[in-house]
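For the single chain, residues carry numbers from 1 onward in sequence order.
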Amino acid sequence: MNTTVSYEGTVEAITFQNIENGFAVLEFSSGGEYFTATGNVGHIFVGEKLILEGTFVVHPTFGRQLKITNAERSIPETADEMLMFLSSGMVKGIRERTAQKIVEAFGDKSFDIIEFEPEKLAKIKGITKERAMRISQEFIKYAGERNAVIALEKYGMTSAEALRVYKIFGSKAKDAVERDPYRLSCLSIGISFERACDIASRLEKKPIDEYRLQAGIIYVVRHNLNNGHTCIPRDALIAPCAGMLECSDDDIEINIDELITQKRLVSDIVNGRDFIFLPDLYEAEKNAARSLLFIKKISAKSFPDIEEQIRKAEIAGGVCYSSSQLEAVKTAVEKGVLVLTGGPGTGKTTILRGILRVYRDLGIDVALAAPTGRAAKRMSELTGEEALTIHRLLEVEWDESDRPAFKRNRRNPLECQAVIIDELSMVDVQLFASLLEAVPIGCRLVLVGDADQLPPVGPGNVLHDIIASGALPVIELKEVFRQAMESLIIENSHRIVNGEMPELDERNKDFFFIETNSVSTVSDTIGNLLEVRLPKAYGYSPKEDIQVLCPSRKGETGTNNLNAVLQRRINPPEKRKKEHAFGHRVFRVGDKLMQTKNNYDIEWNSDEKDGSGVFNGDIGLLEDIDEISRELTVRFDDRVAAFPFDCAEDLEHAYAVTVHKSQGSEFPVIVMPVIGINEYLQYRNLLYTAVTRAKEKLILVGSRQTVYNMVENNKKQKRYSALKSFIIQGDMN
């Protein structure tokens, strides 16, 4: 284990610096020792004195480096230190020559003159009164940020955290933290409630205890979002809050009421029980219910020859629709809303194509979208029409806290007459509410998804709640077509969803089971499948055709371990093969990587066009590592994207990914370990979701008992949500 060390010294050179997030690569000297250091240090300049804390790591290319965990700095006090700072270019309008003139004229009073008496700068040759005022304004702006960051670092905050706090509170950051440090845990800056309490303990004056109680309550409510809840019963909130905050139940009750009065929490009765919401989640569910019912009530334009149009679509598609499929196409045209659900092989794709064909023939302009980039691409391939991510459709922009804001909304709606959304089971309620806001009056809405798949990673249970409300037109496709039943993958997926044990002993179809009751052998078995057996027997590429899916990240059969095993076997190190260490991860040319969050700024190019944006769930191959430009080149199918090193934290190895991450995607071959799984993850819809990701072959490796346990366990993870209730209430009014 690496030991944490501390060095006091001087910044000798800055190799790289990202002003936005404070990440830097710098050369540092301390007591005659000279080394490279990397990490979040905020805005720094050459010659600055710092105290760095961190651990030494060995980079495969650049050797020994200090990985910074914290950086402390002091405000320049001497004339020499002020000259260093002003010469750094950090303050707009001041370069080396101007800095030298200012310090020669005012010495160690330079900062005071610039900030409080800028008119005196005009006495220096070359500086006009107007320029003096601009210099003062820029200095105050930068100095305010710098002073606030220095002050906050003394309370145990990292430079990056302090910078984020400053962006929220500005020049009042220090005062805001000293008054109520607990509120830091309620902001999107990466500080937990425990950390906020630690910061509070470092303050000279103890904050008001009600602030601690209120922030703790909000923290518990917000923590529930990680489990998919949009709300929590008030009576279920009392005990965990009182236990964590070491106070009485009455204290919690009083402070919940106070938070409701302050509108920092919302209370509402759902099915006769008092529930507590965060305001943004409450508004999202309320608005989604209201919008759905409004779309339903606004009648879509009728077409007298709809039956004839559907017959034409059947002929053009070479199909004969079943009664439920006919009803689906007709409802999509004649009603404001259609929810279309069904498992694999039930004809959802056929119906989507039919709906699109009828829309096109009737002159209805339609927009297609899905929650992820891979799901949108798959939708495009299946329909032959362009599909976007929902974020792209709504023309997303991101603020400094990485929160989405959409150009398309109620005031600026989408310019189409119908919207079709695929993979609705993946959509959280906040994104869904934003989508509905952008649907124009009179626009048709078709929502497609498999209700038996996993719910979204984010809060809410949109597809399930809409269906369960019974207030909107829902067509469930149940009939599995004969040609689909020739696939054991499809046959077994329906057995699983019906609570029946899948056929595991068939050897001549597309679903295989390799039995082992030893967890320690699974990684070798899966490694051998990808490296030798599947490529040799079927010609599959281990990187492009085969995807390993795991129920979780942890354990011997989790993604963390399997990615390490598979990287060694499929893409081992070679002398001429470039690689770069990012913390504990080593990225090597040839690695299979996944983007883990939407990034609309990453630029890419293809043979057809150039653009920007990579999305959560996109999988690609690492083609090059450029140490000079500090960029990774990753190929996502036909797009080649350039990632600055500081964006690498959003990439991870993808030889193995979690089942949740695979939603909305299909792969030729799926390999899944079914042993060594935490009992809380042994449930039916997780296994069902994994099986339905496979197009050509599905291989389970593990224990027959584990498969049985997963099939038997239909206790889906409990999610508290109110969309169903709000839809029913609104429909009755």
Side-chain angles (χ1 to χ4, degrees), residues 344-345 374 378 381 483-496 501-551 556-559 561-572 574 588 590-594 619-622 635 637 653-659 662 665-677 687-704 706-707:
R374 291 188 69 85
R378 179 168 165 262
E381 292 170 347
Q483 60 269 33
M485 287 305 292
E486 294 174 4
S487 164
L488 191 57
I489 292 173
I490 292 178
E491 185 180 339
N492 275 342
S493 69
H494 285 277
R495 285 180 176 173
I496 290 167
M501 192 69 175
E503 172 58 62
L504 299 180
D505 299 316
E506 175 65 60
R507 297 294 179 192
N508 297 317
K509 287 196 174 183
D510 53 8
F511 189 113
F512 300 91
F513 177 64
I514 300 176
E515 188 165 12
T516 176
N517 292 308
S518 171
V519 174
S520 61
T521 65
V522 170
S523 60
D524 281 340
T525 301
I526 291 176
N528 191 45
L529 281 168
L530 269 72
E531 183 185 10
V532 180
R533 293 175 62 181
L534 289 169
K536 185 176 179 180
Y538 303 102
Y540 287 123
S541 163
K543 296 177 186 177
E544 297 180 2
D545 299 323
I546 309 170
Q547 184 60 59
V548 178
L549 297 185
C550 305
E556 288 194 54
T557 58
T559 59
N561 180 57
L562 284 175
N563 270 318
V565 169
L566 295 171
Q567 185 192 35
R568 286 196 300 270
R569 296 193 66 155
I570 296 170
N571 191 34
E574 296 175 9
R588 186 175 298 133
D591 272 343
K592 184 177 183 179
L593 302 177
M594 173 184 276
I619 293 177
L621 295 178
L622 179 56
R635 176 177 290 277
D637 299 318
H653 290 108
Y655 301 101
V657 303
T658 62
V659 178
S662 73
S665 303
E666 281 188 342
F667 306 90
V669 183
I670 292 295
V671 178
M672 180 181 178
V674 283
I675 191 171
I677 303 172
L687 178 62
Y688 172 78
T689 300
V691 169
T692 54
R693 300 306 92 206
K695 290 196 291 186
E696 298 174 18
K697 287 191 170 40
L698 185 287
I699 303 169
L700 300 180
V701 181
S703 156
R704 199 177 291 261
T706 301
V707 176

Inset, instruction - Scan Arg693, Arg378, Lys695 and name whichever one has a side-chain hydrogen bond (donor to acceptor under 3.5 Å, both in side chains) with Glu666. - result: Arg378
Legend entry - Pi-cation contact, Tyr538 with Lys697 (under 6.0 Å, within 45°): yes
Inset, instruction - Identify the two heavy atoms, one from Arg507 and one from Phe512, that lie closest to each other, and give their separation to 0.1 Å. - result: O-CE2, 3.3 Å
Legend entry - Sub-4.5 Å side-chain heavy-atom contact between Arg569 and Leu530: no
Inset, instruction - For side-chain contact (heavy atoms from CB on, under 4.5 Å), just list the numbers for Val707 and Leu687, CA-CA rounded to whole Å, side-chain angles, deciding distance to a tenth of an Å, and then say yes or no. - result: CA-CA 8 Å; Val707 176; Leu687 178 62; 4.3 Å; yes
Inset, instruction - Looking only at non-hydrogen atoms, find the nearest pair between Leu698 and Ala690 and report the distance. - result: CD2-O, 4.4 Å
Inset, instruction - Would you indicate whether the side-chain heavy atoms of Lys543 and Asn571 approach each other to under 4.5 Å? - result: yes
Legend entry - Modelled atom types, side-chain donor and acceptor of Ser518 and Thr516, under 3.5 Å: no
Inset, instruction - Write down the atom of Ser703, the atom of Phe513, and the distance for their closest heavy-atom approach. - result: C-CZ, 3.8 Å
Inset, instruction - Give the minimum heavy-atom separation between Thr692 and Ser493, together with the two atoms involved. - result: CG2-CB, 3.8 Å
Inset, instruction - Could you tell me whether a side-chain N or O of Asn528 sits under 3.5 Å from a main-chain N or O of Asp524, the two making a donor and an acceptor? - result: no
Legend entry - side-chain contact (heavy atoms from CB on, under 4.5 Å) between Gln547 and Lys592, intermediate numbers included: CA-CA 10 Å; Gln547 184 60 59; Lys592 184 177 183 179; 2.9 Å; yes
Inset, instruction - Search all heavy atoms of Ala656 against all heavy atoms of Leu562 and return the closest pair with its distance. - result: CB-CB, 4.0 Å
Inset, instruction - Please check if atom CD in Glu503 has more than 12 non-hydrogen atoms from other residues, nucleotides or ligands closer than 6.0 Å. - result: yes
Legend entry - Note, Arg704 side chain near Leu504 side chain (heavy atom, < 4.5 Å): yes
Inset, instruction - Would you check if Ile526 and Tyr655 make a side-chain contact, meaning some heavy-atom pair closer than 4.5 Å? - result: no
Legend entry - Within-4.5 Å side-chain heavy-atom neighbours: Pro535 and Ser541: no
Inset, instruction - Determine yes or no for a side-chain-to-main-chain donor-acceptor pair under 3.5 angstrom, with Thr557 supplying the side chain and Ile675 the backbone. - result: yes
Inset, instruction - Looking only at non-hydrogen atoms, find the nearest pair between Pro551 and Met672 and report the distance. - result: CG-CE, 3.8 Å
Legend entry - Asn563 side, atom CG; Arg568 side, atom CZ - distance, nearest 0.5 Å: 11.0 Å
Inset, instruction - Determine whether Asn492 and His494 make a side-chain contact, defined as any pair of heavy atoms from C-beta on separated by less than 4.5 Å. - result: no
Legend entry - Close side-chain approach of Ile514 and Arg533, heavy atoms under 4.5 Å: yes
Inset, instruction - Please name the residue in the list Ile546, Asp510, Leu529 that meets the side-chain contact (heavy atoms from CB on, under 4.5 Å) test with Ile699. - result: Leu529
Inset, instruction - With the side chain counted from C-beta on, respond yes when Leu621 and Leu593 share a heavy-atom pair under 4.5 Å apart, and no when they do not. - result: no
Legend entry - Spacing of CZ belonging to Phe511 relative to OG belonging to Ser487, to within rounding of 0.5 Å: 10.0 Å
Inset, instruction - Mind running side-chain contact (heavy atoms from CB on, under 4.5 Å) on Val691 and Ile489 for me, showing each step along the way? - result: CA-CA 7 Å; Val691 169; Ile489 292 173; 4.1 Å; yes
Legend entry - Nearest-0.5 Å distance, CD1 of residue Ile570 to CD of residue Glu531: 7.0 Å
Inset, instruction - Show your reasoning for whether side-chain contact (heavy atoms from CB on, under 4.5 Å) applies to Thr658 and Cys550. - result: CA-CA 5 Å; Thr658 62; Cys550 305; 5.5 Å; no
